[in-house]
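Atoms considered below: every heavy atom in the structure, side chains included; atoms not considered: hydrogens, waters and symmetry mates. Each chain gets a letter, A, B and so on, in the order its sequence line appears, and its residues count up from 1. It should be emphasised that the depicted structure is a prediction, and the values quoted were computed from it without experimental measurement.
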Amino acid sequence: MMNDRLRAVSGQIIAVAVALIMGAIIILMVGESPVRVFMTLLRGAFGDQAKIAGTLLQTTPILICGVAACVGLRGGMFNVGIEGQLFLGGFAAAWVGFAFPLPAGIHMLAALALAVVAGAAWVAIPAYFRARYNTNEVVSTILSNYVAVLLTSYFTIFLFKRPGGWSETPPILPTAYLPGIFDFSRLNWGLVIGLVLAIGAALVFRYTSWGYGVTMVGSAPKFAEYGGVNVKWQGFVVLLLSGAVGGLAGGVETLGVHHRFMEGFAPGFGFDGLIAALLANGSPVATIFTALFFGALRNGSLLLEVDTGASREIITVIQALIILSVSAQALVRRRGDSQAGERRWKF
Amino acid sequence: QDKVSVAAISGYFAQGFGVSIVNGLNKAKDEFGIDLKLVDTGNRALDYEEQFENLAKAKQYDLIFVMGWELVDSLQKVSKAYPEQRFVFIDGVLDNPNMIYANFAEEQGSFVAGALAGMIEAKGSEFPKIGDGMAIGFVGGRDIPVIRNFLGGYEQGAKYAAPDVKVNSVFAGTFDDPAKGSELAQALYGQGADIVYNVAGPTGEGVMQASAAVDKYSIGVDIDMCGTAPGNVLASMLKRGDIAVYTLIKDEVEGRKVTAGTRTFDLASGGVEVKVCDDIAPTIPADVMAKLDEIKKAILDGKIEIAKAK
Amino acid sequence: MEILDKLVNVALIAATLRTTAPILLVALGGSFTTKAGIFNIGLEGQMLAGAFFAVLGSIWTGSALLGVACGVAAALAFALVFAVLVVSFRANEVVVGLALNILAGGMTISLMKAIFGTRGSIVGQGIVGLPKVQLPGARDLLGSWASLISGFTPIVYVAFIAVPLLVLFYNSTRLGLYIRVVGEKPEAAEALGISITRVRYIASLLCGLLAGLAGAHLSLGYITMFTENMSSGRGFMAVAILIFSNGDPLKVLAGCLLFGFADAFSLRLQTFGYPSYLVLTVPYVVALTALFALSYRARPKIIMETLASMQKLLSADKSTEPGSKHPS
Amino acid sequence: MSNALGSSTLHNAGNNAVGAGVAGMAVALTGITKRFGGFVANDGVDLAVRRGEIHAVIGENGAGKTTLMNILFGLLQPDEGSIRLNDEETVVADPAVAIKAGLGMVHQHFKLVPSLSVADNVFLGMEIRRHGLIDHAAQIARTRELAERFGLRVDPTERVGLLSVGIEQRIEILKVLVRGARTIILDEPTAVLTPQESRELFQTLRSFVAEGMTVIFISHHLEEVMEVSDTVTVLRNGKKVATRPTAELSKNELVRMMVGREVSFDRRPREPQHGDVVLEVKELWARDDRRLPALRNVNLEVRSGEVVGIAGVAGNGQTELAEVLSGLRSASHGVARLKDRNLAALSPAEIRAAGLAHVPGDRMVRGVDRNASIAANMLMGRQHRAPWSRGGVLNWNAIGQNASKLIKDFDIRAQGSGDAVKRLSGGNIQKVVLAREFTNGADFLLIDQPTRGVDIGAQEAIHDEIMRQRAAGRAILLISVQLDELAALADRILVMFNGRIMGEVAGDHADEDRIGMMMAGVAVPEFATEPA
Ligand SMILES: Nc1ncnc2c1ncn2[C@@H]1O[C@H](COP(=O)(O)OP(=O)(O)OP(=O)(O)O)[C@@H](O)[C@H]1O
Ligand SMILES: Nc1ncnc2c1ncn2[C@@H]1O[C@H](COP(=O)(O)OP(=O)(O)OP(=O)(O)O)[C@@H](O)[C@H]1O
Ligand SMILES: [Mg+2]
Ligand SMILES: [Mg+2]
């Protein structure tokens, strides 16, 4: 037991070390000092309270998207459409925010609620076909991402463009703002929402009858069906919930940070979240840490571009290397087993 | 005073207009030995403010050039938090009296390009590559206000020169997909357009190559694109970002401290211009060239009013 | 009607073939991994790397063919990394695939900057594109229809010829068979001493080969330049097609043609003044609709089943299922 | 000797294998020890198999039989001990070595590729090729020859995915033969077969021996062992107990060696009961996954305190019947009532609530989540009930305690309730399912193949438990392919063929031949359905 864990942890450390060494070589190749680059990255991510807040700000959407992915994964659903749900949720929240004056607080909740509904609604058709006809949800959600992004662009530019503005909606009313946490940073209650969601999801899956049923649907669907769990319905519900959380991620970004919806405002968060969740092996709590890791890398890289000659692409490369080698550290645990019985993502 | 230090921040350094800005910055760096820092914003709105902060906090840049409308909000916020930091916003004017604006009249250049296209189209079979119909085309990158401004000028120019010309316009939805640009252009050519103007960054390169593939005419944008398809590129509508940044830096270096206010780069100042490609110029009838000069003059004199999109 | 005439014509079909070819190639590449039981979401990155290095190679060697070879080699390198991580290290293939896509994006830009001092795109600079093949006599025989079979770059022909070859490959070659077995029933392969690892490596590399070819086609055939992210989601499209075709070459072809047609068609729709953002959704909506329609239980299958059940009923016993619509 | 296969291996080996008892050893394992972590699965096991004999290996679940065979075949490496194949010391590094030495293994779980044809499956890994392409025609022809030679009825052109388990097994045997195996290992080959199919298999095995080949087979069915084997090796708790000629042994002796005590096989004594009708099925029709009719006009009823057995060759509608009764499949016509509630109107969960417990035939897929703990597996179906859950919140304490108790009550060999089910042997996994289903207080027990692959000792315990449930007034529908099990337990036996009930036999008059005929679809008038 202990031995397993020890080996797993040492595997992670070796993996990150390997990635950093490869990254250092690449940095040397572009004529920068690796030490300086890594120190700048650290400083950019955790250098002072503003930087830490910035890191947490970057972590927030990745975390919420990651939880969305975890919810789906738990029920055996691969929601690759979080990106699209985030865009629609973001737009929906902005729409409530600028078009419907409401009392403070209620306004924000209404906007978040519509974001949740929009995210869920956007995944509803893929979810329905998945549940009813077993239509592969990976394809349908990937494809619907493209439609979602184009659709929100259409809404923004053709229907709701701020007069005189760039491709963006009018600003939302302050009554709908998600309150900030510090006055020196844009960090807002979205982070808290993310943390509560992650821990809440973990608790629900572990400690409720519903969560038990869903877990079984994900890991052994025929067994769950036999045991009286309504597999199709729960699959539908889980995908819908995943989409709802994805929509919420968009709402949180809109209401907490941007205070309006901009065309193409948050590309890639859905995928970052998915990768964070997969690296965390579908555990919402572990996703907190993987999301934080990604957030720190991103925020650190922003300072890096300013303070060193290394460009953001180098950081992209290093980030990819880290993901690759962390994903590969399973080697340390499982070398030598047969591959035959292994679960592959079957489509 | 020590060395002038300049930063530029944008998500578009890789695309036509951005490339010309980078060219101008590099030219200034070579000539004046200034410190130059380029920061690529990427495309996530969440990052912009932090990036501006990082630059402003460094307190080492005399001028920070900013390009891209999606940066405006973050820029305004940071510029208010760091009022002593001078920001130059390229390609537009905001309601912030603290900043410096380099404003371009792309609709003027596009008007001239449109007029050229209209006149050549009207000449019909005098040109081997012009068909019977009266149609020209436009391929935009994304359907956003700046691009619409180009399109508006182009349409008005074409109609001004040849009232019965039809302008077909399409948008690729992306600046990064030359293959799609090529398909779009081929579709336009296939439907009778003889000249296609592209305002689509790298996507537009596909348009130029398509004009060579079907042997029709195209018009380049932002930078001189005559070389991409020799014999098929009529002209390029140059939007001289390089001149803008170079001029401003030159002022700064030579002690004429750049202060808040708007600088306009239009036909008059040479900030936008239409360059007829050298290999094509000899084949263009004199009356067309004369008319073109007339139109330019009329724009400069304010006799032609060009409506701006937005 | 006039509008229809303008929309649907030989040019549209030719455009469909052009838009289909790159997706078809990369999807056929993905067919190897799909059949071998690996979900390869990294096609996008392999294609992008192929496109970039094809341009580099073409500039360095001054030969389009050697350029293609460089592109393929780069995609193979990506495929090898993918295989090492996924097959040997047992990493999650979705994570690895997505990370390799990120890597390809960052790496091509970094290299572009390092080598050409700019980013964005590489145009001109001595890139040698692939020639177009004019089939002799095509124009005389077919008139305007000749543009359907003649005048494409060689890789387009490769893409379409690869389809029947792959059918043969999966049915009648040992390697093809093993790839299917490893994907469908790895226990069977293992028990027979077929190395799952080796077969999956080979499948990954074959995939890299075609993905690299697809990338080279994009930057040297389709057009002659390289741009950041020029694969523009074609790899993801291919993944989608692979999933609903299950990697069967003929179904892959059908899916790619459908998507290529929707793409070419929608580009033409725009010229009639429909808002670009909505028109651009057309290919995706078409693909989604096809996906949903296909999974809503194909009708012909039910007819076959009914026939079979009638036969069985006739032969097995005399009585009928009450309320059955098919009396024996 | 036929030259159909034209295999020189067959001739060569045939020459030096003169007959049982004369030549040397085909296989000799000495002092094999295999540990999994701290657990010793094989402990210094010796196994000597003479050329030309049928050698049975028996033992309780988890005794280490499969492990030993896997070591012999190179799928596992022993920690200690040596292996001699054909009197030569051999390191069996992987199955390829074993195959080269003339070994072939038919695994307990078949390893066939559904989308390929029979012939392609048979020749997989050693394809016949012409001009570099696979010669499908030649493969089909040679498969047909070989099948005919050993009396294995298969159509080489059919797709494996459409075939029954019995045929799949023949294909597995063909695979082994085509590789020129002289020594064939079969792990629980009859677990999935009907009596007729088993008999055919034994014929085939005898024809192997007649050709000088050697057979090692694992089984839990002692009659089979007695009937077909020449020698028996008994394993217990990873150790070898004995190797003896079958002829010297009685069934009881065998059992004693296996479990260390006497076990009864006889019909269980019982009190006659006349309970109310609990389950009533009328004119039930249903279709299978391929939409072909699978149940045709099934009528039956089960009263409380009664065990009704369903006999039949697997694949004749039993699975579908069980699925319809448990709500996993909808009927196309007819009614099934559980305590007067129409099952068609109820979801699986509601049927369970109405009083169904179900031991599924396919335990690995339907019965458990292999990766989950024993405790989590025992929660299934009761996750909404107190004391395990209150207000939708689970009480893992109570769940764990309950699981530990069941582990003790049902004698499940596991380290604790937190163990992953996949770590248990097949028999113990079955006990997990039984423990869960027998303790949820249902009035109707639907039991499908309760002892498939389960050892004698455990079988007895399971049978005892079923009788206890009967005595407690439960209505029990027992589906089994093992006639002796039905004869021991059932009050009435219904025989199914091709989706219909062919007839009914009183449990105490069970006659294997007659039931066998009905199972084969021959109507036997004197056993016509009694009025219910
Ligand atoms: N790979 C393994 N890891 C851990 N334990 C194992 C492994 N393989 C077998 N065992 C254990 O070794 C013991 C012997 O298993 P084996 O499969 O050989 O039993 P068996 O005699 O075939 O039983 P059965 O009759 O149920 O098939 C079992 O307790 C099993 O749990
Ligand atoms: N890789 C492994 N890790 C842990 N346990 C394993 C592993 N492989 C096999 N086992 C265990 O070894 C035992 C034997 O496996 P096997 O498939 O032979 O089961 P079995 O008891 O013979 O099956 P059944 O009786 O259901 O037909 C099982 O307990 C199984 O869980
Ligand atoms: Mg076993
Ligand atoms: Mg067993």
Side-chain angles (χ1 to χ4, degrees), chain A residues 26 29-30 78 80 125-126 129-130 132-136 138-140 142-147 150-151 153-155 157-158 271 274-275 278-279 281 311-331 333-335 337-342 344-347, chain C residues 34 37-39 41 81 84-85 87-96 98-110 113-114 119 183 186-191 196-197 200 233 236-237 239-244 246 275 277-278 280-281 283-285 287-288 291-292 294-297:
Chain A
I26 293 176
M29 276 161 44
V30 301
F78 223 113
V80 195
I125 296 176
F129 275 89
R130 165 67 215 240
R132 185 90 168 71
Y133 301 109
N134 207 23
T135 308
N136 185 297
V138 177
V139 201
S140 56
I142 286 189
L143 290 177
S144 59
N145 280 340
Y146 290 94
V147 181
L150 288 164
L151 210 58
S153 292
Y154 173 74
F155 289 156
I157 293 166
F158 282 79
F271 284 101
L274 182 64
I275 297 179
L278 287 172
L279 278 183
N281 212 3
S311 70
R312 69 188 298 108
E313 285 73 43
I314 290 294
I315 289 312
T316 316
V317 170
I318 293 175
Q319 190 174 349
L321 289 176
I322 291 178
I323 297 169
L324 286 177
S325 54
V326 169
S327 76
Q329 53 84 36
L331 165 86
R333 272 178 283 149
R334 293 197 294 180
R335 178 167 32 205
D337 289 1
S338 148
Q339 287 198 359
E342 201 162 306
R344 314 241 51 130
W345 302 109
K346 277 271 153 50
F347 297 106
Chain C
T34 306
I38 305 171
F39 180 53
I41 206 168
V81 174
V84 169
L85 292 177
V87 181
S88 298
F89 285 44
R90 315 280 174 79
N92 180 311
E93 53 224 88
V94 178
V95 176
V96 173
L98 290 176
L100 283 176
N101 289 343
I102 298 173
L103 184 69
M107 200 183 73
T108 49
I109 297 173
S110 303
K113 254 180 164 171
R119 49 175 289 187
E187 309 88 292
E190 191 176 49
I196 297 175
T197 306
R200 287 201 166 132
F236 286 122
M237 225 39 247
V239 171
I241 289 166
L242 282 168
I243 290 174
F244 62 72
N246 190 28
Y277 287 102
L278 294 186
L280 289 168
T281 63
Y284 305 107
V285 173
L288 276 169
L291 181 65
F292 292 142
L294 280 180
S295 51
Y296 175 75
R297 290 278 168 263

* Asked: How long is the span from the CG atom in C:L98 to the CG atom in A:L278, to the nearest 0.5 Å?
  -> 7.5 Å
* Could you check which of A:V147, A:L279, A:L150 has the highest count of heavy-atom pairs closer than 4.5 Å to chain C? => A:L150
* What part of A:L274 lies closer than 4.5 angstrom to a heavy atom of chain C: side chain, backbone, both or neither? -> side chain
* How long is the gap from CD1 on C:I109 to CD1 on A:I314, to the nearest 0.5 Å? -> 11.0 Å
* Among all residues two or more places apart in sequence or in another chain, which pass the side chain to side chain donor-acceptor pair (under 3.5 Å) test with A:S153? -> A:E263
* To do: Please look at C:L280 and chain A and tell me whether the side chain, the backbone, both or neither of the residue comes under 4.5 angstrom of a heavy atom of that chain.
  => both
* To do: With a 4.5 angstrom heavy-atom cut-off, could you sort out which part of A:I26 is near chain C: side chain, backbone, both or neither?
  => neither
* Asked: Any idea which heavy atoms bring C:M237 and A:L143 closest together, and the distance?
  -> CE-CD2, 3.3 Å
* **Residue among C:V239, C:I243, C:V94 satisfying side-chain contact (heavy atoms from CB on, under 4.5 Å) with A:V138** => C:I243
* Asked: Of all heavy-atom pairs between C:S110 and A:V317, which one has the smallest distance, and what is that distance?
  -> OG-CG2, 4.3 Å
* Using ring-ring contact (aromatic ring centres under 6.0 Å, His included) as the criterion, list what pairs up with A:Y154, not counting sequence neighbours. => A:F158
* Measure the OG1-CG distance between A:T316 and C:L103 for me, rounded to the nearest 0.5 Å. => 9.5 Å
* Asked: If you round to the nearest 0.5 Å, how far is CZ of C:F292 from CD1 of A:I125?
  -> 6.5 Å
* Does the side chain of A:L151 reach to within under 4.5 Å of the side chain of C:L278, using non-hydrogen atoms? -> yes
* So, for C:A99 and A:A320, which heavy atoms are closest and what is the spacing to 0.1 Å? -> O-CB, 3.5 Å
* Can you tell me how far the CD1 atom of C:I102 sits from the CG atom of A:L324, to the nearest 0.5 Å? -> 8.5 Å
* Asked: Is it the backbone or the side chain of C:A287 that comes under 4.5 Å from a heavy atom of chain A, or both, or neither?
  -> both
* Picking from C:A188, C:G233, C:P275, which has the most non-hydrogen pairs under 4.5 angstrom with chain A? -> C:P275
